[in-house]
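Remember, it's a predicted structure, so these values are computed and weren't measured experimentally.
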Amino acid sequence: MVRTSPQTPGRRQRSERKRADILTAATALFVSEGYELTSVDAIAARAKVSKRTVYDHFGDKQTLFQGVLARVHEAVLATVRTAIDEELTAGRDLREALTAFAMRVATDTFPSSDYVTFRRLTSQTWPAPPVPALAREQPEGILEERFAKFAADGEIRTGDPHWAVRHFTALTVLLALDALRSDPAGAEIPAIVASGVDAFLRAYR
């Protein structure tokens, strides 16, 4: 039986760096060229690694595409988690907190390169591989726990935080996203968010 020696810290760091370089190269090419027209050869050349190295890390192009989606998706979710932790804080006026959170998501997350990249990748049509379940999870899913706490503390009235979150995001951040498509400057976003928060609180207080 052939035994492989464990990786040294230096080798592990080089391997992780190569993996990151491959993901970065693949992201750029999948966005610019599309899944079908992007070859493993092109990804390897852009990442400055061998084609064998790409296969060693990811196995095939479909697995690499899903790895790209997972990385970008996690970056978007991390932005939302940070906004939740920093804006939806205990003891803060609820109207102020919800407004600050929705504004932050609309002005920081939507215009971010990670979100734009994620939307471009997931909007590609066949023959791009199906979006993995992890990347189909919507950012509002991580809001449910915080909304459940609002309900437990008597801040809102709901027995179903899932629907409360869906209503909140529909009234605020999703309307803001629609507005950004026609006006990238986002001039209407403050008014959209303010009226959406008002409507949400009228329904759930």
Side-chain angles (χ1 to χ4, degrees), residues 4 7 11-84 102 104-144 162 165-166 168-170 172-186 189:
T4 58
Q7 283 190 334
R11 288 184 61 188
R12 190 179 303 111
Q13 287 178 358
R14 287 192 295 274
S15 178
E16 290 172 355
R17 190 160 52 245
K18 285 182 180 181
R19 180 181 177 87
D21 289 344
I22 293 167
L23 286 169
T24 299
T27 300
L29 288 169
F30 285 143
V31 169
S32 64
E33 305 298 328
Y35 177 81
E36 183 181 16
L37 296 180
T38 297
S39 68
V40 175
D41 286 308
I43 293 168
R46 189 179 183 103
K48 295 182 172 59
V49 299
S50 68
K51 186 176 179 180
R52 173 62 183 271
T53 299
V54 176
Y55 283 122
D56 285 345
H57 279 279
F58 294 98
D60 55 38
K61 189 170 78 167
Q62 178 171 325
T63 301
L64 175 54
F65 182 79
Q66 292 178 337
V68 165
L69 280 177
R71 186 173 77 155
V72 177
H73 179 253
E74 183 54 38
V76 172
L77 290 185
T79 302
V80 176
R81 290 189 191 102
T82 299
I84 290 172
R104 184 161 171 174
V105 171
T107 58
D108 289 353
T109 302
F110 287 159
S112 74
S113 59
D114 288 322
Y115 182 79
V116 171
T117 296
F118 181 74
R119 294 290 297 180
R120 287 177 178 172
L121 291 172
T122 55
S123 65
Q124 292 189 21
T125 57
W126 189 91
V131 177
L134 172 67
R136 287 199 299 269
E137 178 192 357
Q138 294 300 307
E140 59 261 28
I142 64 178
L143 269 175
E144 289 184 25
H162 171 74
V165 168
R166 293 191 67 179
F168 172 73
T169 55
T172 56
V173 293
L174 295 183
L175 286 177
L177 176 58
D178 286 340
L180 281 172
R181 292 193 179 107
S182 58
D183 177 20
I189 287 179

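Judged as a salt bridge (Lys or Arg N to Asp or Glu O under 4.0 Å), not a single pair has a partner in residues 17-32 (not counting sequence neighbours). Legend: salt bridge (Lys or Arg N to Asp or Glu O under 4.0 Å) pairs involving residues 42-55, not counting sequence neighbours, sorted by first then second residue: Asp41-Lys51, Arg52-Asp56.
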Glu74 and Arg81: CA distance, side-chain angles, deciding distance, salt bridge (Lys or Arg N to Asp or Glu O under 4.0 Å) verdict: CA-CA 10 Å; Glu74 183 54 38; Arg81 290 189 191 102; 2.6 Å; yes
Verdict with supporting geometry, Val105 and Thr79, side-chain contact (heavy atoms from CB on, under 4.5 Å): CA-CA 8 Å; Val105 171; Thr79 302; over 6 Å; no
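Using cut-offs of 30° and 60° for the angle between ring planes, the His73 and Phe118 rings count as tilted.
Applying the side chain to side chain donor-acceptor pair (under 3.5 Å) rule to Thr53 yields the partners Ser50; only residues at least two apart in sequence or on another chain are considered. Legend: residues meeting salt bridge (Lys or Arg N to Asp or Glu O under 4.0 Å) with Asp178, ordered by chain and number and at least two apart, are Arg181. With sequence neighbours excluded, no residue forms a side chain to side chain donor-acceptor pair (under 3.5 Å) with Ser39. Qualifying side chain to side chain donor-acceptor pair (under 3.5 Å) partners for Thr82, counting only residues two or more places apart in sequence or in other chains: none.
For the 3.5 Å distance criterion, the side chains of Arg120 and Ser32 fail to qualify, holding no donor opposite an acceptor.
Counting heavy atoms from C-beta on, the side chains of Leu23 and Phe58 come closer than 4.5 Å.
Considering CG of Leu77 and CD1 of Ile142, their distance stands at 5.5 Å, rounded to 0.5 Å. For the atom pair CD1 of Ile189 and OG1 of Thr107, the computed distance is 7.0 Å after rounding to the nearest 0.5 Å.
Minimum heavy-atom separation, Ala20 to Arg71: O-NH1, 3.8 Å.
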